Amino acid sequence: MEIDEVYPGGELDKLEGEQINSLIAQSQQPIPDPDEWLDEELKRNILLTSVDAILDWGRRSSLWPVFCFPACCAFEFMTTAASRFDISRFGMEIVRASPRQADLMITAGTLTWKMAPQVKRIYDQMAEPKWVLAMGACAISGGIFRSSYSVVPGYNRIIPVDVYVPGCPPRPEALLYGISMLHKKIAKMSIAPKGK
Amino acid sequence: MTVALSGKEIAARLEKQFPGGIVESGADSLLVKAESLLEIASYLKSTRGLDLDYLTAITAVDFLDYFEVDYLLTSLKHNHCLLVKSRCYDRDNPTLPSVVSLWRGADFQEREIYDLMGISFEGHPNLKRIVLWEGFEGHPLRKDFL
């Protein structure tokens, strides 16, 4: 039996071989990378700004919160962090368990005096620059527990607070508004020491 | 469902063993003298047929004239329970015997009562504040605490 009878159309194989040989012949040199417009762009790409503006922009654009959720406001914070309200829009979705990697403390909950030294220690361990957002009535003033023997009447007794967000608990929209207020506050910071 | 033992029936059984130890008995509870508390508790725990081997809870109430401490005892074997009460009238230094030697679970609960109500439990292995901090003044669950 002839081989052409079993596998008819030896022309196909011939054609494939021609195609490949032709492609090899065309492809002896690499094609240049498409970057001809970049030279011009690099020449134009200079931005003039102040050190304060660029630093403050960087600082406020990715505030990483530290874990400080002693009570129920934490649930509103979780909602804020989850997909519906999504604080990753502000570069904040990474909540740090280590205070050394965080720059914002969102104090979501009632603080007892027994817990207060730990919160103060966490705040002290955070690297400068750092900010505190008091979330909810208990964080602002102790809330309904203000006159209790065991509750700290406001976080500002132990650590400095930058922004106060009222509510019991505040809605996620309120927390987001508080965060945007903090952004505005950070935008006004200067690296030059005060009064010099 | 756990059956609540009749305090009156238990009181009738205990009267011979501990004359004068039981002050009062109700449909579901037993009020015992502070001095006899440990003996009676031990009897309730180890007597066959009662076997109240599990301490469900201890709680304390301030009635201003006296403090009342309630022990809810349960038998896991027979699935019945009994409420035993005891009172201390000395407001400045209320004292009761500790039942930690009978039920280890009493340890933290007696410490909590000591912390918040200011009742001392004699014989407790580690009687110190558990919820509040050392140096806190007063006992906040007392009615006269402000």
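Letters go in sequence order (proteins before strands), and every chain restarts at 1. Computed from a predicted model, the values in this text were never measured in an experiment.
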Hydrophobic cluster membership, [X] vs [Y], 4.5 Å side-chain cutoff:
X: A/V163; Y: A/I159; value: no
X: B/I22; Y: B/L82; value: yes
X: A/I179; Y: A/F67; value: yes
X: B/Y54; Y: B/L52; value: no
X: B/L72; Y: B/I10; value: no

Around atom CH2 of A/W57, are there more than 12 heavy atoms of other residues, nucleotides or ligands at under 6.0 Å?
no
Tell me whether the count of non-hydrogen atoms from other residues, nucleotides or ligands lying under 6.0 Å of CZ in B/F145 goes above 12.
yes
Atom CZ in B/F136, atom OH in A/Y149: separation rounded to 0.5 Å?
6.5 Å
Where the side chain of A/K114 meets the backbone of B/V131, is there a donor-acceptor pair that is under 3.5 Å apart?
yes
Counting only non-hydrogen atoms closer than 4.5 Å, can you tell me which residues of residues 122-143 of chain A sit against chain B?
none
